[in-house]
Visitor: 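Here it is, the structure in full.
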Amino acid sequence: MTPSTSSSVLARAAAMAITGVAKALTGARSVWLGCAPVPRQRIYYANHSSHSDFVLLWASLPPLLRQRTRPVAGADYWSKGLLRQFIIHRVFRGVLVDRSGSGKSGQDGVAAQQASAAAAAAAPEGDSSAEQASAPSRADALVPLRQALDAGDSLILFPEGTRNLHDELLPFKSGLYHLARAYPDVEIVPVWLGNLNRVMPKGAWIPLPLLCTVSFGAPIAVQDGEDKAAFLARARQALIDLSQAVEVQA
């Protein structure tokens, strides 16, 4: 067995183990409220409270969808240590972005692109100076994500841009809008992760015995004449509405 084959076998085994553990520890239940688990190219966007968020969402997908779905994750966390790098690259085939804007992602080949992505995504909505500063690099800012979409993969991303420990969603970053506009045939699906912030609070290593739900809502798309601010507000509201629909069902 070649080193490459051994690595692939280990990655598949790790994926099965992580999926099993994630479901066992959280009792995660997938609820498809607005769409069906079918093999379509999608961008799943969700609320964000812990590093475990994308693991649970990814594990909640059927195996066929899981094979072509890649999480967008922070390079500042996942580039630290060989184990994390193996998990994010070999197991999840993750797309890393440098949220610090320093370009020190640990991935030399795409560090500059990741730094541009972070700078563009982190600009507060309505900040014209930040928008103007990032405008020249806008075409390159989302290159790693565009490459994944061009290859036919789906993405998991968190438009709040950082973990949110509060009940109210943070304002969304602009990346979701730019991707939705550039890829109109890709479904933009809101996903609400219920209870995960209580199961795995920030800094915790041992999950608490609470049940989680992963709820998939109806796809949205950029409407004719809809600007960035309007789309991001509507996308955020779609996630809020989904969380409320889940509570009613519970």
Side-chain angles (χ1 to χ4, degrees), residues 18-19 21-62 65-66 69-74 92 94-95 121 125 145 154-177 179-180 186-202 204 207-223 230-250:
I18 290 172
T19 300
V21 170
K23 291 184 176 180
L25 291 179
T26 63
R29 180 172 62 100
S30 300
V31 183
W32 296 84
L33 295 175
C35 61
V38 295
R40 290 182 185 154
Q41 190 177 22
R42 290 168 168 166
I43 296 175
Y44 300 97
Y45 74 94
N47 54 308
H48 191 24
S49 60
S50 79
H51 291 302
S52 304
D53 291 343
F54 82 71
V55 177
L56 185 60
L57 200 165
W58 186 83
S60 298
L61 296 171
L65 275 62
R66 213 180 294 150
T69 302
R70 304 173 62 184
V72 178
F92 295 111
V95 179
E125 295 307 318
L145 283 69
S154 294
L155 295 176
I156 294 171
L157 61 81
F158 303 95
E160 291 175 279
T162 186
R163 285 172 291 162
N164 179 10
L165 304 182
H166 306 286
D167 291 333
E168 184 176 353
L169 289 175
L170 298 173
F172 281 8
K173 308 303 181 184
S174 61
L176 182 65
Y177 167 76
L179 292 175
V186 175
E187 292 186 343
I188 312 298
V189 177
V191 182
W192 182 256
L193 304 176
N195 258 356
L196 190 57
N197 61 326
R198 297 180 176 89
V199 172
M200 284 293 292
K202 185 176 182 180
L208 302 176
L210 296 172
L211 297 180
C212 294
T213 57
V214 182
S215 304
F216 298 82
I220 65 171
V222 178
Q223 298 176 348
F231 172 79
L232 292 176
R234 187 164 59 86
R236 183 175 179 273
Q237 188 60 49
L239 201 52
I240 294 172
D241 293 343
L242 180 58
S243 71
Q244 295 172 345
V246 173
E247 290 179 1
V248 170
Q249 284 205 347

Visitor: What distance separates Leu33 CG from Thr213 OG1, expressed to the nearest 0.5 Å?
Guide: 9.0 Å
Visitor: Between Glu187 and Pro219, is there a donor-acceptor pair closer than 3.5 Å when you use the side chain of the first and the backbone of the second?
Guide: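 Between the backbone of Pro219 and the side chain of Glu187 there is no qualifying donor-acceptor contact (under 3.5 Å).
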Visitor: Just by distance, do the side chain of Arg236 and the backbone of Leu169 share a donor-acceptor pair under 3.5 Å?
Guide: yes
Visitor: So, for Leu239 and Pro190, which heavy atoms are closest and what is the spacing to 0.1 Å?
Guide: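 Smallest heavy-atom distance, with atoms named: CD1-CB, 3.9 Å.
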Visitor: How long is the straight-line distance from CD of Glu160 back to CG of Leu176, given to the nearest 0.5 Å?
Guide: 11.5 Å
Visitor: Passes side chain to side chain contact (heavy atoms under 4.5 Å, CB included), Phe54 versus Val72? Steps please.
Guide: CA-CA 8 Å; Phe54 82 71; Val72 178; over 6 Å; no
Visitor: First locate atom CH2 of Trp32, then atom CG of Leu61, and finally report the distance between them rounded to the nearest 0.5 Å.
Guide: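 CG of Leu61 is found 5.5 Å from CH2 of Trp32.
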Visitor: How long is the span from the CD1 atom in Ile156 to the CZ atom in Phe92, to the nearest 0.5 Å?
Guide: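 Between atom CD1 of Ile156 and atom CZ of Phe92 there are 9.0 Å.
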Visitor: If every non-hydrogen atom of Val189 is compared with every non-hydrogen atom of Arg42, which pair is closest and at what distance?
Guide: CG2-CD, 3.8 Å
Visitor: Are Val186 and Leu155 packed together at the side-chain level, in the sense that at least one heavy-atom pair is separated by less than 4.5 angstrom?
Guide: no
Visitor: Does the pair Tyr44 and Phe216 meet the rule for a side chain to side chain contact (heavy atoms under 4.5 Å, CB included), with working shown?
Guide: CA-CA 8 Å; Tyr44 300 97; Phe216 298 82; 3.9 Å; yes
Visitor: Once you round to the nearest 0.5 Å, how far does CG of Leu242 lie from CG of Asn47?
Guide: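 If we round to the nearest 0.5 Å, Leu242:CG and Asn47:CG are 9.0 Å apart.
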Visitor: Do any N or O atoms from the side chain of Ser154 and from the backbone of Thr69 form a donor-acceptor pair under 3.5 angstrom?
Guide: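 Flag not set: sc Ser154 to bb Thr69 has no pair under 3.5 Å.
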Visitor: How far does CG of Leu57 sit from NE2 of His48, to the nearest 0.5 angstrom?
Guide: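 Separation between the atoms: 11.5 Å.
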Visitor: Would Val31 and Trp192 count as a side chain to side chain contact (heavy atoms under 4.5 Å, CB included) here? Give the steps.
Guide: CA-CA 10 Å; Val31 183; Trp192 182 256; over 6 Å; no
Visitor: Can you check whether Ser60's main-chain N or O pairs, donor with acceptor, with Ser30's side chain at less than 3.5 Å?
Guide: yes
Visitor: Which is it for Ile43 and Leu145 under the side chain to side chain contact (heavy atoms under 4.5 Å, CB included) test, yes or no, and what are the steps along the way?
Guide: CA-CA 10 Å; Ile43 296 175; Leu145 283 69; over 6 Å; no
Visitor: Can you give me the closest heavy-atom contact between Leu232 and Ser174, atom names plus distance?
Guide: CD1-CA, 3.9 Å
